[in-house]
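Take a look at the structure below.
We use all heavy atoms of the structure for the numbers below, so side chains are in, but hydrogens, waters and symmetry mates are not. Whatever order the structure lists them in is the order used to number ligands and atoms, beginning at 1.
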Amino acid sequence: MFVELKNITVHYHKSLAVDDVTIEVPEGGVVTIIGANGAGKSTILRALAGLVSLTRGQILFQGERIDRLETADRVRRGIVLVPEGRQLFPYLPVITNLRLGATLRRDRAGIAESLEYVFDLFPRLKERAKQDAGTLSGGEQQMLAIARGLMANPRLLCLDEPSVGLAPIIVELVGDVIREINRKGISVLLVEQNAHLALGVAQRGYVLEVGRVVFQGDAEAIRCSEMVRKAYLGG
Ligand code: ATP
């Protein structure tokens with residue numbers, strides 16, 4: 001398996017946030033974790049990125065245990081997080097925000113190629129390269145956050161709620177962008193409250209409730225599950 005989170009448990013101080021969760025992402029796949037506010041979705045991504053430590057369990061990347069590695073070493077292996085709330089530098093230009101995504105890279109030609117790739121994918125960012133990130137619309141800022149993630153040359157791009165606060169038409173665009181990134185061969189782990197978006201782009205998914213996986217399967221099977229339809233798809 002490409003990426004495996006095996007029986008991971010995460011606490012914040014003494015409070016349990018993720019309880020014995022196992023998630024697998026195949027190489028070249030798009031996998032989603034859906035669930036309500038506070039279910040533990042972001043915590044799983046933070047654990048994968050090395051921003052919180054595990055109480056129990058293991059994280060494997062191509063069979064290698066990475067759960068004790070620093071975040072930077074995980075990024076070098078290609079595990080890249082686009083965090084919730086975008087976390088851009090609003091008073092820095094778009095181009096600087098993008099270059100910051102490539103901070104750990106030394107391959108100048110590769111960085112130039114990535115920049116060309118993200119400007120092709122997001123022409124608006126090219127037009128606005130010199131503008132401060134904070135002057136962009138919400139949708140453009142989300143695209144910038146994704147583009148900055150791509151500048152790190154990911155093999156697994158982890159997206160934390162990219163649809164939050166966006167108009168429905170922009171949410172659809174986010175879906176198109178994820179499909180396009182995946183066509184390039186980048187695997188995706190997508191955390192979403194918007195189950196429509198998530199199950200429209202992912203091949204497989206996990207449903208999380210209060211820190212535990214309560215359902216998993218093909219996106220189609222999840223869409224058809226009565227429990228999921230009632231709780232997350234409006235009936
Ligand atoms: P959201 O959509 O709100 O981000 P989520 O499913 O991503 O929800 P998490 O953010 O992973 O959920 O939170 C899981 C649990 O851990 C929640 O009960 C939350 O209150 C708690 N939690 C999250 N971050 C912290 C923190 N830094 N310190 C203490 N508790 C936290």
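Of the polar atoms of A17, none of the N or O atoms is found under 3.5 Å from an N or O of ligand 1, judged by distance alone.
The structure places CZ of R74 at 10.5 Å from SG of C158, a figure rounded to the nearest 0.5 Å. Taking OG1 of T32 as the start and CG of L190 as the end, the distance is 4.0 Å to the nearest 0.5 Å.
For R204 and E24, the salt-bridge test fails: no basic side-chain N is under 4.0 Å from an acidic carboxylate O. Salt bridge status for K41 with E161: present, with a side-chain N to carboxylate O gap under 4.0 Å. A salt bridge is defined here as a Lys NZ or Arg NE, NH1 or NH2 lying under 4.0 Å from an Asp or Glu carboxylate O, and E27 with R155 meets this definition.
Contacts between S15 and ligand 1, counted as non-hydrogen atom pairs separated by less than 4.0 Å, are absent for every part of the residue.
Residue contacts with ligand 1: G35 is excluded, as none of its non-hydrogen atoms falls under 4.0 Å. Residue G211 places every heavy atom at 4.0 Å or more from ligand 1.
Protein heavy atoms come within 4.0 Å of atom 11 (O) of ligand 1. Of the protein's heavy atoms, none falls inside 4.0 Å of atom 19 (C) of ligand 1.
Of the options V164, N37, V10, V18, the smallest heavy-atom separation from atom 1 (P) of ligand 1 is shown by N37.
When only non-hydrogen protein atoms are considered, atom 17 (C) of ligand 1 lies nearest to G38 O, 3.6 Å. Regarding atom 2 (O) of ligand 1, its nearest protein heavy-atom neighbour is E161 OE2, 2.9 Å. The nearest protein atom to atom 26 (C) of ligand 1, hydrogens excluded, is given as Y12 CD2, 3.5 Å; this is a heavy-atom distance.
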Q: Please lay out, stage by stage, how Y206 and F215 fare under the test ring pair (Phe, Tyr, Trp, His ring centres under 6.0 Å).
A: CA-CA 6 Å; Y206 296 81; F215 196 91; over 10 Å; no
Q: Dump the intermediate steps for side-chain hydrogen bond (donor to acceptor under 3.5 Å, both in side chains) on T43 and Y12, then the final yes or no.
A: CA-CA 10 Å; T43 302; Y12 290 107; 2.8 Å; yes
Q. Is there a side-chain hydrogen bond (donor to acceptor under 3.5 Å, both in side chains) between N153 and S114 once you walk through the steps?
A. CA-CA 7 Å; N153 198 24; S114 294; 4.8 Å; no
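Contact atoms of ligand 1 toward R46: 10 (O), 24 (N) (distance under 4.0 Å to a heavy atom of the residue). Residue A36 has at least one heavy-atom neighbour below 4.0 Å for each of these atoms of ligand 1: 6 (O). Atoms of ligand 1 found under 4.0 Å from any heavy atom of Q193, numbered from 1 in the order shown, are 2 (O). Numbered from 1 in the order shown, with element, the atoms of ligand 1 that lie under 4.0 Å from a heavy atom of A39 read 5 (P), 6 (O), 12 (O). Atom numbering of ligand 1 starts at 1 in the shown order; those under 4.0 Å from a heavy atom of K41 are 2 (O), 5 (P), 6 (O), 7 (O), 8 (O), 11 (O), 12 (O). Of all atoms in ligand 1, listed by their number and element, those nearer than 4.0 Å to a heavy atom of T43 are 9 (P), 11 (O), 13 (O), 14 (C).
For the pair L136 and R124, the minimum side-chain heavy-atom distance is 4.5 Å or more. Side-chain atoms of V3 and L189, non-hydrogen and from C-beta on, never get closer than 4.5 Å to each other.
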